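What follows is a single structure, written as structure tokens, with notes after it.
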Amino acid sequence: MSTSILDLFQQAGVEVRAGSDADEILLCCPFCEDSGLAPDTKFHLGVNLTRNLGHCYRCEWRSGRAVQRIARRLGRWTASGGPDLVARV
């Protein structure tokens, strides 16, 4: 697993769990509320760190460049577009 990205999420206060594969993580989806759902508390958002793809099995959000989009949504991506949370993908 890409421990550098996992470590950065954890250092930013984002609780992360291991996924079913070594290169996958699970986190609470920050996009569920955009779909009118209650906040996710059960880690429905899966992210493949190798392919940088994300999919929420609750609200159906999905994206390439998932790490950057999640970081931006969580307010961890700088206004200049540079990484504040994500050092490298």
Side-chain angles (χ1 to χ4, degrees):
M1 181 172 2
S2 179
T3 55
S4 62
I5 293 172
L6 177 59
D7 288 343
L8 288 167
F9 269 120
Q10 290 173 336
Q11 289 169 9
V14 177
E15 189 176 351
V16 177
R17 294 185 180 169
S20 58
D21 291 330
D23 63 344
E24 292 179 353
I25 59 171
L26 300 171
L27 54 139
C28 293
C29 180
F31 303 100
C32 281
E33 290 182 80
D34 294 345
S35 298
L37 299 170
D40 179 19
T41 59
K42 297 189 178 180
F43 299 85
H44 288 101
L45 178 57
V47 178
N48 181 302
L49 298 173
T50 302
R51 297 173 53 206
N52 199 10
L53 298 174
H55 177 237
C56 176
Y57 295 93
R58 186 167 176 243
C59 72
E60 295 301 322
W61 179 88
R62 60 182 68 225
S63 177
R65 298 193 53 153
V67 172
Q68 293 91 336
R69 290 174 192 224
I70 294 165
R72 187 175 294 120
R73 179 69 167 100
L74 295 172
R76 309 276 195 228
W77 197 262
T78 64
S80 64
D84 179 37
L85 170 65
V86 182
R88 62 178 185 219
V89 175

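Heads up: numbering here begins at 1 and tracks the sequence. What you see is a predicted model; the values in this text were computed from it and never measured.
Here H55 contributes atom NE2 and C29 contributes atom SG; the two are 9.5 Å apart, rounded to the nearest 0.5 Å. Note that CD1 of I25 is 10.5 Å distant from CZ of F43, once rounded to the nearest 0.5 Å. In this structure, SG on C56 lies 11.0 Å from CG on D34, to the nearest 0.5 angstrom. Note that NZ of K42 and SG of C32 are 12.0 Å apart. Values are rounded to the nearest 0.5 Å. With rounding to the nearest 0.5 angstrom, the CZ atom of R69 is 7.0 Å from the CH2 atom of W61.
Shortest non-hydrogen contact noted between N48 and R51 is OD1-N, 2.7 Å. Residues L26 and G19 approach most closely at CG-CA, 4.1 Å, considering heavy atoms. Between L45 and G54 the shortest heavy-atom distance is CD1-C, 4.4 Å.
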Determine whether I70 and F31 satisfy the following criterion, side-chain contact (heavy atoms from CB on, under 4.5 Å), listing intermediate values before the conclusion.
CA-CA 9 Å; I70 294 165; F31 303 100; 4.0 Å; yes

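Using modelled atom types, no side-chain atom of R58 and backbone atom of H44 make a donor-acceptor pair closer than 3.5 Å.
Linking ILVMFWY side-chain heavy atoms closer than 4.5 Å, directly or via other members, places L53 and V47 in two distinct hydrophobic clusters.
Residues forming a side chain to side chain donor-acceptor pair (under 3.5 Å) with T50 (at least two apart in sequence, or on another chain): D23.
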